Amino acid sequence: MSMQRQPGSGETVMIRLAKQAMKFSAGHFTIFSASERERLHGHNFTVEVDIEARMLGNGMCFDYGLYKDRVIALCRELNEWMLLPTRSPYLRIEEAGEQVLAHFAGQVIPFLRCDVRLLPLENITLEELARWFLERLAEDPQTLREHAVVAIEVRVFSGPGQSAGRRMVMPQ
């Protein structure tokens, strides 16, 4: 007996995107409190994305190459930058000509403006970077609806065995 499935029947598929090009290298420091932070350092970050979507027919859900290309482009936006958060309650960012000054716990940490990427995050952590990728992937809700996307999960790794993920369920 063969089972007939109709497009839109509610069956979903999970697409995992974990390509070698989905990576970036960046400098940062994690802020732990008003008086404690890590020293400046960097990571070779990698990104994985899981997209849950309904089957649309023809034995597939959508052309997920579009999302692969989008993640790679987002990685390029962060590659080889010093990343600083603009929404930290403990860090004040001041742009002074060719410099960006990071004020933390009575210290002023100077950076060249041309080396800094300011991100609308509370901290430069795996958790917040995963949120940044997730929000950027969900910027076009119309396309997500057309692709019958049910949920997206982004996982950012700072090395093998260390990652954080964020998941967004799309409104139906």
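The shown structure was predicted, so the numbers you read here are calculated from the model rather than taken from an experiment. Residues: numbered from 1 along the sequence shown.
- Residues Pro85 and Leu119 fail the side-chain proximity criterion, which asks for heavy atoms closer than 4.5 Å.
- Gln107 pairs by the side chain to side chain donor-acceptor pair (under 3.5 Å) definition with nothing, not counting sequence neighbours.
- A distance of 8.0 Å separates CD in Glu135 from CG in Leu121, rounded to the nearest 0.5 Å.
- Under the side chain to side chain donor-acceptor pair (under 3.5 Å) criterion, Asp115 pairs with no residue, sequence neighbours left out.
- At least one side-chain heavy atom of Phe24 sits under 4.5 Å from a side-chain heavy atom of Val47.
- Linking Ile, Leu, Val, Met, Phe, Trp and Tyr residues whenever their side-chain heavy atoms come within less than 4.5 Å places Leu126 and Ile152 in a single cluster.
- Partners of Glu146 under the side-chain contact (heavy atoms from CB on, under 4.5 Å) rule, at least two apart in sequence or in another chain, are Gln142.
- Ser25 is linked by a side-chain contact (heavy atoms from CB on, under 4.5 Å) to Asn44, Asn79, counting only residues two or more places apart in sequence or in another chain.
- Counting only heavy atoms from C-beta outward, the side chains of Leu83 and Leu129 approach each other to under 4.5 Å.
- Identified under the ring pair (Phe, Tyr, Trp, His ring centres under 6.0 Å) test for residues 52-89, with sequence neighbours left out: Phe62-Tyr67, Phe62-His147, Tyr67-His147.
- Taking the side chain as every heavy atom from C-beta outward, Glu94 and His103 approach each other to under 4.5 Å.
- Rounding to the nearest 0.5 Å places CZ of Arg37 at 13.5 Å from CD1 of Ile124.
- Ser88 has its side chain out of reach of Glu122: every pair of non-hydrogen atoms, C-beta onward, lies at least 4.5 Å apart.
- The minimum heavy-atom distance between Ala164 and Ala130, with the atom names listed, is O-CB, 3.8 Å.
- Criterion: ILVMFWY side-chain heavy atoms under 4.5 Å apart, direct or through other members. Under it, Phe133 and Leu144 are part of a common hydrophobic cluster.
- Using a 4.5 Å heavy-atom threshold, the side chains of Arg166 and Val154 count as separate.
- Take Arg145 and apply the salt bridge (charged side-chain N to carboxylate O under 4.0 Å, His left out) test, not counting sequence neighbours, and it matches no residue.
- Contacts of Phe111 classified as ring pair (Phe, Tyr, Trp, His ring centres under 6.0 Å), with partners at least two apart in sequence or in another chain: none.
- His41 places a side-chain N or O within donor-acceptor distance of the main-chain N or O of Arg39, the cut-off being under 3.5 Å.
- Following chains of ILVMFWY side-chain contacts shorter than 4.5 Å, one can reach Val49 starting from Val13, so the two form part of one hydrophobic cluster.
- Atom NZ of Lys19 sits about 14.0 Å away from atom OG1 of Thr46, to the nearest 0.5 Å.
- Considering only residues two or more places apart in sequence or on other chains, Ala151 meets the side-chain contact (heavy atoms from CB on, under 4.5 Å) condition with Glu52, Arg167, Val169.
- Here the closest heavy-atom approach between residue Ala105 and residue Ala34 is recorded as CB-O, 3.5 Å.
- Under a hydrophobic clustering in which Ile, Leu, Val, Met, Phe, Trp and Tyr are joined whenever their side-chain heavy atoms come within less than 4.5 Å, directly or via other members, Leu84 and Phe32 fall into different clusters.
- Between Lys68 and Leu17, the shortest heavy-atom contact is N-CD1, 3.7 Å.
- Atom CG in Leu112 sits 8.0 Å away from atom CD in Glu98 (nearest 0.5 Å).
- Under the ring pair (Phe, Tyr, Trp, His ring centres under 6.0 Å) criterion, Phe104 pairs with no residue at all, not counting sequence neighbours.
- Atom CD of Glu80 is surrounded by 12 or fewer heavy atoms from other residues, nucleotides or ligands within 6.0 Å.
- No side-chain heavy atom of Ser163 sits less than 4.5 Å from a side-chain heavy atom of Val156.
- Hydrophobic clustering, with ILVMFWY side chains joined whenever heavy atoms are under 4.5 angstrom apart, groups Ile109 together with Ile93.
- For Thr125, the side-chain contact (heavy atoms from CB on, under 4.5 Å) partners are Thr30, Asn123, Glu127, Glu128, not counting sequence neighbours.
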Below 3.5 Å, can you tabulate the donor-acceptor pairs from side chains in residues 69-77 to any protein atom, sequence neighbours excluded?
residue, atom, partner, partner atom, Å
Arg70, NH2, Glu139, OE1, 3.0
Glu77, OE1, Arg136, NH1, 3.0
Glu77, OE2, Arg136, NH2, 3.1

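- For the residue pair Arg54 / Thr12, no side-chain donor-acceptor distance below 3.5 Å is found, with atom types taken as modelled.
- Counting heavy atoms from C-beta outward, Glu48 and Glu153 have side chains that stay 4.5 Å or more apart.
- Applying the salt bridge (charged side-chain N to carboxylate O under 4.0 Å, His left out) rule to Glu95 yields the partners Arg113; only residues at least two apart in sequence or on another chain are considered.
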